[in-house]
J.: 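Below is one structure. I have some questions about it.
Each residue takes its place number in the sequence, starting with 1.
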Amino acid sequence: MLIRSVRHKALKRLILQDDPAGLPRQYVVKIRTIISFLQDMESEDELADVPHWKAHRLTGDRKGTWSLFVSKNWRLTFRIDKDELEILDLDYEDYH
């Protein structure tokens, strides 16, 4: 899937310039792996293929947003445009 928009400044820099500055060094490899997976993904159903990322949809005012586990409190979150098959609003956040 194409990543159409990225909210987190350092995450955007990693994707566009391969520059990990601003992201925790110990999680850069994991974040890169997740991003590569998302870009190669053809359907959101594939998110269930990697159970240790604990993929799930958020509820309430974040309904429709996916969350993938990076570390204890930190997640990669995003929405999927099913019509265009694109990732929207990719973010690296502590929403807990």
J.: Anything under 30° is parallel, anything over 60° is perpendicular, the rest tilted; go ahead and classify His8 against Tyr92.
T.: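 Because their plane-to-plane angle is over 60°, the rings of His8 and Tyr92 count as perpendicular.
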J.: Ignoring hydrogens and geometry, is there a side-chain-to-backbone donor-acceptor pair from Arg75 to Ser71 under 3.5 Å?
T.: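 Yes, Arg75 side chain to Ser71 backbone: donor-acceptor pair under 3.5 Å.
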J.: Membership question, hydrophobic clusters at under 4.5 Å side-chain separation (ILVMFWY): are Ile31 and Met41 in the same one?
T.: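 Same cluster: Met41 reaches Ile31 through Ile, Leu, Val, Met, Phe, Trp or Tyr contacts under 4.5 Å.
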J.: Taking a hydrophobic cluster as the set of Ile, Leu, Val, Met, Phe, Trp and Tyr residues connected by side-chain heavy atoms closer than 4.5 Å, whether directly or through intermediates, do Leu2 and Trp66 fall within one such cluster?
T.: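 Per the 4.5 Å side-chain linkage, Leu2 and Trp66 are not co-clustered.
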J.: Around Arg62, counting heavy atoms of other residues, nucleotides and ligands shown, do more than 12 lie under 6.0 Å from its CZ?
T.: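 Yes - once you tally the heavy atoms of other residues, nucleotides and ligands closer than 6.0 Å, there are more than 12.
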J.: Applying side chain to side chain contact (heavy atoms under 4.5 Å, CB included) to Phe69 and Lys30, what does each step give before you reach the verdict?
T.: CA-CA 10 Å; Phe69 177 85; Lys30 185 173 188 177; 3.6 Å; yes
J.: Does any N or O in the side chain of Arg79 come within less than 3.5 Å of the main-chain N or O of Asp89, such that one atom is a donor and the other an acceptor?
T.: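 Answer holds: no.
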J.: Taking Leu47 as the starting point, is it possible to reach Trp74 by hopping between hydrophobic residues whose side chains are less than 4.5 Å apart?
T.: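 Yes; Leu47 is reachable from Trp74 via cluster members.
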J.: With side chains defined as the heavy atoms from C-beta onward, is the minimum distance between Ile15 and Leu90 less than 4.5 Å?
T.: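 Sidechains of Leu90 and Ile15: in contact.
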J.: Return the orientation label for the Phe37 and Trp53 ring planes: parallel under 30°, perpendicular over 60°, tilted otherwise.
T.: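 Ring orientation, 0 to 90° scale: perpendicular.
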J.: When you look at CD of Glu42, are more than 12 heavy atoms from neighbouring residues, nucleotides or ligands closer to it than 6.0 Å?
T.: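 It does not: Glu42 CD has 12 such atoms or fewer within range.
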J.: Does NZ in Lys12 sit with more than 12 non-hydrogen atoms of other residues, nucleotides or ligands closer than 6.0 Å?
T.: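 12 or below, so no.
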J.: Determine whether a donor-acceptor pair (N or O, by modelled atom type, separation under 3.5 Å) exists between the side chain of Ser5 and the backbone of Leu88.
T.: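 Side chain of Ser5 to backbone of Leu88, a donor-acceptor pair under 3.5 Å: no, none is there.
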